[in-house]
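Quick notes on the structure that follows.
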Amino acid sequence: MFSDKRFHQYSLSKVPTDVLSGLIVGVIAIPLGMAFAIASGVKPEYGIYTSIVAGILISLFGGSKYQIGGPTGAFIPILFGIVMTYGYENLLIAGFLAGVMLVLMGIFKLGSLIKFIPRPVTIGFTTGIAITIFTGQISSFLGLTGIKKHEEFINNLKEIIIHMDTINLLSILTAIICLATIILTPKIAPKVPGPLIGLVVSTVIATLFFPNQVATIGTAYGEIPSTLPKLQIPDLSFEMIITLLKPAFIIAMLGGIESLLSAVVADGMTNSKHNSNKELIGQGIANMVTPLFGGIPATGAIARTATNIKNGAVSPLSGIIHGVVVLLVLLFFAPFASYIPLASMAPILMVVAWNMSERKVFAHIFKTKSTDSLVLVVTFLLTVFVNLTTAVEVGLVLAAILFTKRMSDLMKTSKALPNLQHKHEKVETQMVSDSHDCPQVSIYNVEGPLFFGAAQTFETSIMNTINYHPKILLLRMSRVPFMDTTGEAILASIVSHFSKTGIVIISGINEQPRNVMIRTSLYDVIGQEHFFEHTGDAIQFALSQLDRNKCLGCKHFAFKECKKLSASGMMDSSKTKLSATY
């Protein structure tokens with residue numbers, strides 16, 4: 001283990017700080033693990049199993065020094081939906097398949113690709129998840145009875161409204177005590193875990209002063225076992241794998257995104273750098289093994305990772321210690337968990353939802369009133385009112401379409417001529433008019449990426465503005481940074497059209513578009529001799545190719561040589577001197 005690069009320059013003197021931070025994070029992980037499991041529609045002990053197994057494995061095999069893995073709030077809507085649709089046993093299979101996908105993503109080095117998911121999409125679904133988690137705890141906070149859980153946000157709100165007559169004031173009191181303790185503890189003792197203190201204080205008060213008056217983990221789920229479950233191999237069949245591929249893929253994608261976001265946060269706090277592909281492999285291994293012990297899907301937990309760093313962690317050993325601490329608590333204190341009121345769990349998740357809501361970033365993006373705002377709002381609303389899967393799919397597609405539209409708007413193709421009044425005779429678009437335009441040479445300034453979203457605009461701009469058949473078509477492409485095969489095909493079509501009666505020449509071509517044209521043989525079709533580094537050289541070549549008879553009597557005088565050509569009907573290219581800045 002100590003050959004791992006994450007343990008570089010590690011020494012035994014640093015072990016105590018890792019042990020301390022692991023102890024603190026482990027204590028915090030216990031109530032959160034149970035709360036996340038309950039909110040996901042499974043028994044609380046499954047959250048504890050996940051914190052133990054996944055927490056240790058992610059720290060052992062991951063790519064971040066400080067990552068703390070386990071069940072997280074981001075998974076709640078997804079896992080709840082899978083449990084409602086497929087059942088708990090199939091959730092374990094989906095989690096296992098997601099682990100396989102994550103390992104493959106890491107092996108094929110796809111870690112960097114996940115980072116390209118647009119921020120409005122991640123903020124949109126994160127805020128939507130936070131809303132879902134928060135509202136999902138209202139019934140436990142109020143102590144409502146007879147509530148049926150639904151996947152749909154609206155139906156869950158209806159359940160709350162219908163059962164408002166079952167409010168339990170003692171549950172509200174218990175929840176308020178827990179919430180107040182969670183909020184006040186960091187102000188009084190910053191290093192003491194508020195959720196655990198809130199859970200203990202509210203549980204003790206409820207047990208002593210109004211026993212059996214509020215629902216508890218014991219009354220709702222039975223006693224929590226004080227041992228890990230036996231290793232169970234999932235019963236995989238081809239049909240079941242096909243059925244669960246989609247939910248497994250969503251778990252894998254969300255887990256990958258959350259873990260890498262958490263690792264990036266850790267990098268920012270410690271000025272370190274994680275290995276994204278190794279992190280995905282570690283997450284995958286953890287999610288393949290955890291279901292074998294009854295655990296639910298896990299990923300990197302941003303809040304617990306930050307707490308780990310703030311308490312002095314210097315290596316993955318703290319994450320391993322955190323898992324061991326949860327295991328020891330399970331072995332020796334599990335029976336006491338049965339006394340915890342469900343009303344005490346609700347404020348913990350509400351605070352988690354509040355902290356993960358990204359409300360400030362959401363407001364900042366929304367205020368821009370841009371296409372990003374649209375992507376943000378659509379992703380958010382779909383997450384809340386439909387489901388996370390649809391939200392991410394639509395958000396990504398919408399972001400891609402709007403991005404393509406923005407990029408296509410950057411493409412500008414305009415006709416130009418040299419400004420003979422300018423010192424360096426710059427080629428400018430405003431010089432072209434009905435009375436000032438060379439009938440034999442057409443020059444176009446092409447600006448922006450020439451790709452599938454802009455290629456048609458490029459072709460239309462050229463074809464619509466040429467009212468005759470010039471002998472020379474000069475394309476100035478120094479401001480075209482990128483060209484895809486669609487752009488190349490459109491350019492090839494233009495070359496084919498104009499090559500029937502004239503010549504196409506290009507100046508200032510960049511390396512990427514040049515390479516595309518070489519690979520598709522368009523470069524050879526145009527001819528190497530028709531590519532020029534400077535526009536001035538290209539114009540000099542163009543003038544050498546003119547039909548001198550058409551220059552006789554021409555009054556446009558678009559180039560400085562035009563008067564001489566018109567007067568003499570001939571051109572001596574050896575005496576023609578053009579500025580390279582033409």
Side-chain angles (χ1 to χ4, degrees), residues 22-60 68-76 79-80 83 88-89 91-92 95-96 99 133 140 178 193 195-200 203 216-232 255 283 286-301 303-305 307-308 318-342 344-346 348-349 352:
L23 175 63
I24 294 172
V25 178
V27 170
I28 294 173
I30 295 166
L32 290 178
M34 291 190 293
F36 291 143
I38 292 172
S40 299
V42 300
K43 293 183 178 181
E45 58 262 34
Y46 299 151
I48 295 178
Y49 301 156
T50 306
S51 297
I52 296 169
V53 180
I56 292 174
L57 292 177
I58 287 173
S59 292
L60 274 175
I68 297 295
T72 66
F75 272 141
I76 289 175
L79 303 189
F80 182 79
V83 171
Y88 166 68
E89 295 295 332
L91 169 64
L92 299 183
F96 177 84
I133 295 173
S140 295
C178 183
L196 180 67
I197 302 302
L199 203 63
V200 171
T203 299
T216 65
I217 288 178
T219 58
Y221 300 99
E223 186 173 324
I224 294 180
S226 57
T227 58
L228 281 174
K230 294 181 180 179
L231 183 69
Q232 295 182 343
Q283 296 285 339
N287 279 287
M288 289 174 65
V289 176
T290 301
L292 306 183
F293 293 92
I296 59 179
T299 185
R304 274 163 278 170
T305 298
T307 303
N308 187 41
S318 61
I320 298 171
I321 296 295
H322 131 269
V324 172
V325 168
V326 178
L327 174 61
L328 293 175
V329 171
L330 174 70
L331 295 177
F332 296 105
F333 300 101
F336 295 102
S338 301
Y339 297 99
I340 298 174
L342 296 181
S344 297
M345 306 296 285
I348 293 175
L349 285 176
V352 168

Specify the closest pair of heavy atoms between [X] and [Y], including all atoms of both residues, with the distance to one decimal.
{"X": "G73", "Y": "I133", "answer": "O-CD1, 3.2 Å"}
{"X": "G319", "Y": "S59", "answer": "CA-OG, 3.1 Å"}
{"X": "G255", "Y": "T299", "answer": "O-OG1, 2.7 Å"}

So [Y] and [X], do their side chains get closer than 4.5 Å, heavy atoms only?
{"X": "Y49", "Y": "P225", "value": "yes"}
{"X": "I52", "Y": "F293", "value": "no"}
{"X": "V83", "Y": "V42", "value": "yes"}
{"X": "T216", "Y": "I340", "value": "no"}
{"X": "P341", "Y": "T203", "value": "yes"}
{"X": "L349", "Y": "I76", "value": "yes"}
{"X": "S140", "Y": "M345", "value": "no"}

For side-chain contact (heavy atoms from CB on, under 4.5 Å), just list the numbers for T290 and N287, CA-CA rounded to whole Å, side-chain angles, deciding distance to a tenth of an Å, and then say yes or no. CA-CA 5 Å; T290 301; N287 279 287; 5.6 Å; no
Between the main-chain N or O of A298 and the side-chain N or O of T50, is there a donor-acceptor pair closer than 3.5 Å?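 No, T50 side chain to A298 backbone: no donor-acceptor pair under 3.5 Å.
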Donor-acceptor pair, distance only, cut-off 3.5 Å: does the side chain of S51 make one with the backbone of G70?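 Checked: no pair found.
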Holding to side-chain contact (heavy atoms from CB on, under 4.5 Å), I want the full list of residues that pass it with [X], two or more places apart in sequence or in another chain.
{"X": "E89", "value": "L92"}
{"X": "S318", "value": "D18, S21, N308, A313"}
{"X": "I348", "value": "P31, L32, C178, I182, P195, L199"}
{"X": "P44", "value": "M34, I38, I217, Y221, I224"}

Take L228 and L327 through the side-chain contact (heavy atoms from CB on, under 4.5 Å) test and state the conclusion after the steps. CA-CA 8 Å; L228 281 174; L327 174 61; 4.1 Å; yes
Listing request: all side chain to side chain donor-acceptor pair (under 3.5 Å) pairs with a residue in residues 24-44, at least two apart in sequence or in separate chains.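 Matches after skipping sequence neighbours: none remain.
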Check against side-chain contact (heavy atoms from CB on, under 4.5 Å), I48 and V326: CA-CA 7 Å; I48 295 178; V326 178; 3.7 Å; yes
Stepwise side-chain contact (heavy atoms from CB on, under 4.5 Å) test for H322 and I24: CA-CA 8 Å; H322 131 269; I24 294 172; over 6 Å; no
My understanding is that only residues two or more places apart in sequence, or in another chain, count here; which of them pass ring-ring contact (aromatic ring centres under 6.0 Å, His included) with F333?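 With neighbours one apart ignored, the set is empty.
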Is it true that Y46 and Y88 have ring centroids separated by less than 6.0 Å?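 When the ring centroids of Y46 and Y88 are compared, they turn out to be within the sub-6.0 Å range.
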